[in-house]
Amino acid sequence: MGSVIPGLYRKDPGARRKAVVEASGLSEDDLRALFEPALQDPVLDGMVENVIGSFHLPLGVATGFQVNGRDVLVPMVTEESSVIAAASKGAQLARLRGGFSAWSSEQIMIGQVQLTDLKDPVKAAEGVLLRKDEVLSMANAKDPLLVKAGGGARDIETRVLEHPAGTMLVVHLLVDCRDAMGANAVNTMAESIAPLLEDITGGGAVLRILSNLATGRLSGARAIFPKEEIGGEEGVSSILKAFYLAQADPYRAATHNKGIMNGIDAVVLATGNDTRAVEAGAHAYASISGHYSPLTRYSRDGNGDLAGEIELPTAVGVVGGATRVHPAARVCIKLMGVSSARELGEVLASVGLAQNLAALRALSLEGIQKGHMRLHARNLAVQAGARPDEVDVLVDAMAVDGDINASKASELLATSRSRSTIKRI
Ligand code: NAD
């Protein structure tokens with residue numbers, strides 16, 4: 001599969017679909033699941049409560065990604081314009097130096113069991129650790145399928161936490177979730193071991209639920225962005241300065257990380273995964289040092305090029321949850337050619353880095369408004385009633401005037417139509 005499809009953005013959606021099918025080897029049936037997204041009532045009704053319909057969002061494809069030497073077409077579901085173009089731009093720049101080198105850790109999720117009203121929390125923790133094997137077998141008995149897939153409960157950790165209301169013990173159950181996101185699996189296991197932990201400790205179990213701070217499930221990516229494509233040495237310096245502000249200031253870091261999640265969430269959603277779980281994990285990880293920080297890091301390499309890297313928790317799956325239930329999500333996973341949660345995490349990290357670099361490049365070199373306002377002008381032209389063949393003319397006219405608003409779009413449309421009527425007469 002090749003991920004570079006020249007001129008994809010200039011094609012209409014039908015021609016784009018054809019180009020993506022040719023590049024990826026998707027079948028006609030797969031394709032239908034992407035552009036005939038109306039899920040049937042029984043599927044919808046099985047997903048959430050009180051279903052009355054479904055809600056459509058645009059699905060686009062980011063091009064140019066190369067992850068660990070493999071070309072990947074990246075499906076993205078988002079309502080925000082410029083996200084897919086920016087991800088593709090970042091991928092195209094990284095590609096010039098060999099694309100993204102991505103890595104992933106083991107796929108360990110943490111289930112927490114909170115124990116309170118303990119006489120001696122430290123002794124209670126020791127007691128739990130002594131009976132670790134018993135606790136693990138009890139957890140694993142709850143998910144033979146996961147164990148068969150090579151996963152399951154692997155270890156336990158204990159943490160004694162001080163609180164003004166009393167000291168508590170938190171037992172972490174470490175579960176290898178393999179290719180599932182694992183929330184249901186871990187929650188079931190945490191609930192199943194709670195009575196045994198109460199017996200061992202003499203305390204009372206309160207919460208028994210997974211933690212979204214998935215530090216046992218990290219993904220990362222690195223890439224080099226050639227200086228000549230990002231404004232030369234001065235451009236590299238500007239991007240570094242922008243990064244330093246994110247390191248120094250949580251007000252900037254929040255927006256920096258929001259930009260990263262623009263890309264990551266769009267892929268998480270396209271693959272039927274849980275955006276809130278990944279968001280929660282990312283932001284909690286960003287503050288793990290006690291200071292909310294950027295999820296990416298940049299430096300200048302020996303050549304003067306910009307070296308970027310990212311690391312974040314990626315609690316996602318390619319089985320379980322909605323990943324196999326939602327027909328379009330199934331096809332999106334197939335489109336990327338990923339067959340494991342680790343590979344999906346590696347693509348997510350690469351997308352986050354691409355997205356962030358593209359945003360920093362635009363912000364530091366040309367100001368984000370330039371690109372954004374052109375896309376905004378497109379939306380205004382469409383809202384004013386422009387036909388597809390009229391949109392570009394209107395966008396160009398608004399860009400020339402620098403006057404980009406709804407009344408200008410209507411005015412320009414009326415003028416352009418009256419001129420073409422005169423020409424026809
Ligand atoms: P799931 O229970 O649908 O699927 C996971 C199961 O698939 C495993 O337990 C295992 O039995 C089976 N399986 C088969 N082949 C496997 C393989 N190769 N690797 C791993 N497992 C395999 O879903 P889940 O992944 O346990 O949970 C995900 C869902 O839970 C998401 O929809 C998420 O939104 C939801 N959820 C999230 C939270 C949270 O993030 N705090 C809390 C509750 C629920």
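Order of listing sets the numbers, starting from 1, for every ligand and every atom in it. Reckoned from all heavy atoms, side chains included, excluding hydrogens, waters and symmetry mates. Index from 1, following the sequence.
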If we count only N and O atoms by modelled type, under 3.5 Å, do the side chains of H172 and S211 hold a donor and an acceptor together?
no
Classify the side-chain pair T167/E162 by whether it contains a donor and acceptor separated by less than 3.5 Å.
yes
Which ligand 1 atoms, with their elements, are less than 4.0 angstrom from a heavy-atom of A277?
40 (O)
Check ligand 1 against M181 and write out every atom of the ligand that is under 4.0 Å from a heavy-atom position of the residue.
25 (O), 28 (C), 40 (O)
Check whether any N or O atom of D274, backbone or side chain, sits under 3.5 Å from an N or O atom of ligand 1, and answer yes or no.
yes
The one among N187, N184, D143 that brings a heavy atom closest to atom 29 (C) of ligand 1
N184
Salt-bridged, D179 to R342, with N to O below 4.0 Å?
no
I'd like to know if the side chain of S238 pairs up with that of S364 as donor and acceptor (distance under 3.5 Å, no hydrogens or angles considered).
no
For Q107 and R178, test the side chains for any donor-to-acceptor distance below 3.5 angstrom and give the result as yes or no.
no
What is the closest protein heavy atom to atom 17 (C) of ligand 1, and at what distance does it sit?
A149 CB, 3.6 Å
Taking atom CZ of R17 and atom CG of D30, what is their separation to the nearest 0.5 Å?
14.0 Å
Is the closest protein non-hydrogen atom to atom 7 (O) of ligand 1 under 4.0 Å?
no
Interfacing atoms of ligand 1 (cut-off 4.0 Å, heavy-atom, L210):
39 (C), 40 (O), 41 (N)
Is there a polar contact, in the sense of an N or O pair closer than 3.5 Å, between R178 and ligand 1?
no
Residue selection (non-hydrogen contact nearest atom 32 (O) of ligand 1) among G321, A315, S339
G321
Looking only at the side chains, is there a donor atom on one of E343 and S339 sitting less than 3.5 Å from an acceptor on the other?
yes
Between the candidates A183, G182, C177, which shows the shortest non-hydrogen contact distance to atom 35 (C) of ligand 1?
A183
K18 with E28: basic N within carboxylate O range, under 4.0 Å
no
Quick check: does G320 get an N/O under 3.5 Å from an N/O on ligand 1?
no
Would you check if there is a donor-acceptor pair between the side chains of Y298 and N356 at a distance under 3.5 Å?
yes
For atom 22 (C) of ligand 1, the option (of V278, D179, V319) bearing the nearest heavy atom
V319
Heavy-atom proximity to atom 41 (N) of ligand 1, picking from I209, V318, N273, N212, points to N212
Going by the atom numbers of ligand 1, which of them fall below 4.0 Å from some non-hydrogen atom of A180?
5 (C), 19 (N), 20 (C), 21 (N), 25 (O)
